[in-house]
Amino acid sequence: MSTEEMQALSAEEMQALKEEWQHWQDEVRKAATEKTPLFLKMVDAGEAKKSAEDEVKRLMEAELEMNNKDQQLEAEYQRKIDFFKEQTQDTEKEILKLQMTLADKMHELQKTSEEMKFRRDLPEKKVKFTCVEGAENGFSDNGNDTNIRCQFCVATKIPLILRGGQALVTFEEEEVAQTLIHKQKHRIDLDMEKVDARSVPVQLKTGLKFEIHVTISQKDLCVSRLPDFVFEEILENQLELYFYKSKVGGGEIENVKFDKDTNTAEIGRA
């Protein structure tokens, strides 16, 4: 607006222009006043954003580090698991090997035990039944006892070693020996002179002790000393015919079993 134009304006218009100009100055001052807090807020927001970005970055780095540690721990655990699996497999193989070795040793022990067993025919000995120490149920289905089982304890005696001037006298009857032992002193008339002697009981030391188990069947028979040049079928027929006869106390025959090693036969009666 030129000077001439301004002079041409009326006083009212000039007053309106001044007021408008004052208004815009107030608006400028107001905007300047509001600009400072906004700027400060913008600065604070920038700092908060940077702090938040730093925190996010820190959290991401911490997460990455934690993931790395988890992977390391997982790898370490996997290595330990693989190691333990390998040790377990080796242990199982060792156990299997030891079991096989034990089975072989047990087989050798059983074989050795069988080889060390001895069989001897004991001399005939009269035994005296005194009492029943124990009884077991050995009854068949019809209520009859089919077997008689005996157990004997045999103790071998170590032979007596005689010293000078001693003699061992054995009597047939025990009562005679007990009478002479009870008398103790005896005068024996020898060819040249009479000798005073003293009788004492003999204490034999016990050696090996073992048990003999005997089973006596009331149904089965064992026939020994069979000829080995006759066929088994012929022997079986002859034995069945003979032991079936009532005049020899025979009866119904269930089966006949042969043992070629001992030339014996076991006859089972019904």
Between CZ on residue Arg187 and CG on residue Asp196, distance to nearest 0.5 Å: 4.5 Å

Contact check, side chains of Val223 and Ile267, non-hydrogen atoms, under 4.5 Å: yes

Taking every non-hydrogen atom, the tightest pair across Glu252 and Tyr244: OE1-CE1, 3.6 Å

Test side chain to side chain donor-acceptor pair (under 3.5 Å) applied to Asp54 - qualifying residues, sequence neighbours left out: Lys50

CG-CD distance between Leu226 and Glu232, expressed to the nearest 0.5 angstrom: 10.0 Å

Nearest heavy-atom neighbours spanning Ser199 and Leu180: OG-O, 2.6 Å

Qualifying side-chain hydrogen bond (donor to acceptor under 3.5 Å, both in side chains) pairs with a residue from residues 65-81, counting only residues at least two apart or across chains: Glu76-Arg79, Gln78-Asp82

Exceeds 12 heavy-atom contacts within 6.0 angstrom, atom CZ of Arg225: no

Arg58: side chain to side chain donor-acceptor pair (under 3.5 Å) partners, not counting sequence neighbours: Glu55

Rounded distance (nearest 0.5 Å) linking atom CG of Leu59 with atom CE of Met66: 10.0 Å

Separation between CD of Glu94 and OG1 of Thr101, rounded to the nearest 0.5 Å: 8.5 Å

Cluster link Leu102 to Ile95, ILVMFWY, side chain under 4.5 Å: no

Summary of side-chain hydrogen bond (donor to acceptor under 3.5 Å, both in side chains) pairs that have at least one residue in residues 254-268, sequence neighbours excluded: Asp259-Thr262, Thr262-Thr264

Shared hydrophobic cluster, Leu235 / Leu241 (ILVMFWY, side-chain heavy atoms < 4.5 Å): no

4.5 Å side-chain heavy-atom contact, Leu96 and Gln99: yes

Set of salt bridge (Lys or Arg N to Asp or Glu O under 4.0 Å) partners for Lys97, sequence neighbours left out: none

CG-CD1 distance between Leu221 and Ile253, expressed to the nearest 0.5 angstrom: 7.5 Å

Name each donor-acceptor pair under 3.5 Å that joins a side chain in residues 169-179 to protein atoms two or more places apart or in another chain, with its distance.
residue: Thr179; atom: OG1; partner: Glu175; partner atom: O; Å: 2.9

Same apolar cluster: Tyr242 and Phe231, side chain cutoff 4.5 Å: yes

Non-hydrogen atoms of Glu236 and Val256 that approach each other most closely: CG-CB, 4.0 Å

Side chain to side chain contact (heavy atoms under 4.5 Å, CB included) assessment of Ile234 paired with Gln238: CA-CA 6 Å; Ile234 299 176; Gln238 290 180 350; 3.7 Å; yes

Separation between CE of Met60 and NZ of Lys57, rounded to the nearest 0.5 Å: 10.0 Å

